[in-house]
Amino acid sequence: MTAPLFSGRARRSVAALGAVSAGLLLLSACGDKPTPLATVTVGTSSVSAESACHDGTELSTDKVQQCLTGLKDAKTVEYTRGDTLRLGVEPEVVEDGRKWQAVLDGQPITEPSSNTYRSFPGADVFATGGQGEAPSSKKLAIVQVAEDGKPLSVWSFNLKLK
């Protein structure tokens, strides 16, 4: 019979050290840091999302259009006419002179802002101005812009009429 090279306790210690080392290696390999969150709140319902379009540089016009109209997996929040619509971004979004603005169905509804929060009490985002029946949903986007006004990131959401 041969004697074991390591005791049971030593083997467990080596296994634990190996697991920790492997975990740290995996974490260090993940160079991508998540993008900051944007949040849409209507009444007591809130949804947050990472940027759907972000590559660390200025986005082309085509890419922005695609982000504003073509995303099918955007998070949805229900909206009732007269609800207060609240939009918020993490502070990183407005660092270094950057700003953000809200875009509804491809049209800007706010000026670029360096605040991290905007509130629209009693806004009727589904108003049609007397031009037919209101749609059942609208695409809401938050667009981060550089100091020169060029788009950097887009967060996309769906507003669904209750």
Side-chain angles (χ1 to χ4, degrees), residues 17-127 134-162:
L17 182 61
V20 168
S21 297
L24 290 173
L25 181 62
L26 285 173
L27 285 176
S28 67
C30 296
D32 293 339
K33 137 181 165 180
T35 61
L37 295 176
T39 303
V40 175
T41 303
V42 177
T44 58
S45 298
S46 242
V47 292
S48 294
E50 284 189 26
S51 174
C53 295
H54 173 83
D55 61 8
T57 61
E58 176 186 320
L59 297 173
S60 69
T61 304
D62 291 340
K63 183 69 173 175
V64 172
Q65 266 318 103
Q66 178 186 354
C67 294
L68 293 176
T69 60
L71 294 176
K72 293 176 178 62
D73 58 347
K75 293 194 177 179
T76 299
V77 65
E78 289 189 338
Y79 181 87
T80 301
R81 286 191 163 102
D83 279 348
T84 297
L85 176 65
R86 296 174 181 90
L87 308 176
V89 297
E90 289 186 344
E92 300 165 47
V93 174
V94 294
E95 288 176 347
D96 302 325
R98 295 174 295 196
K99 296 181 178 187
W100 65 276
Q101 73 183 115
V103 176
L104 187 64
D105 281 344
Q107 299 298 316
I109 59 172
T110 65
E111 293 295 319
S113 173
S114 59
N115 296 325
T116 58
Y117 175 79
R118 299 278 310 258
S119 179
F120 305 93
D124 188 359
V125 298
F126 285 91
S136 61
S137 68
K138 290 201 171 205
K139 294 188 183 299
L140 175 67
I142 293 175
V143 179
Q144 179 190 39
V145 294
E147 283 184 277
D148 61 4
K150 301 213 168 137
L152 300 171
S153 297
V154 179
W155 291 261
S156 295
F157 301 90
N158 288 316
L159 290 178
K160 184 179 176 187
L161 187 60
K162 274 189 188 176

Considering all heavy atoms of both residues, which atom of [X] and which atom of [Y] are nearest to each other, and what is their separation?
| X | Y | answer |
| --- | --- | --- |
| Pro121 | Thr84 | CA-OG1, 3.5 Å |
| Lys160 | Phe126 | C-CZ, 4.2 Å |
| Ala49 | Lys75 | CB-CD, 4.4 Å |
| Trp100 | Asn115 | NE1-O, 2.5 Å |
| Ser156 | Cys67 | OG-O, 3.2 Å |
| Val64 | Pro151 | CG2-CG, 3.5 Å |

Do Arg81 and Leu161 pass the side chain to side chain contact (heavy atoms under 4.5 Å, CB included) test, and can you show the C-alpha distance, the side-chain angles, and the key distance before you say yes or no?
-> CA-CA 8 Å; Arg81 286 191 163 102; Leu161 187 60; 4.0 Å; yes
Does any N or O in the side chain of Thr35 come within less than 3.5 Å of the main-chain N or O of Ser51, such that one atom is a donor and the other an acceptor?
-> yes
Please examine the side chains of [Y] and [X], heavy atoms only from C-beta on, and report whether any two atoms are closer than 4.5 Å.
| X | Y | answer |
| --- | --- | --- |
| Leu159 | Val77 | yes |
| Cys53 | Lys63 | yes |
| Thr76 | Val47 | no |
| Val89 | Pro36 | no |
| Trp155 | His54 | no |
| Leu104 | Lys139 | no |
| Leu87 | Phe120 | yes |

Atom pair [atom1]/[atom2] of [X] and [Y] - distance to nearest 0.5 Å:
| X | Y | atom1 | atom2 | result |
| --- | --- | --- | --- | --- |
| Lys99 | Gln144 | NZ | CD | 12.5 Å |
| Leu59 | Gln65 | CG | CD | 12.0 Å |
| Phe157 | Ser48 | CZ | OG | 6.5 Å |
| Asp73 | Asn158 | CG | CG | 9.5 Å |
| Ser137 | Asp105 | OG | CG | 8.0 Å |
| Glu90 | Thr39 | CD | OG1 | 7.5 Å |

Flag yes if more than 12 heavy atoms outside Glu111 fall under 6.0 Å of its CD atom; otherwise flag no.
-> no
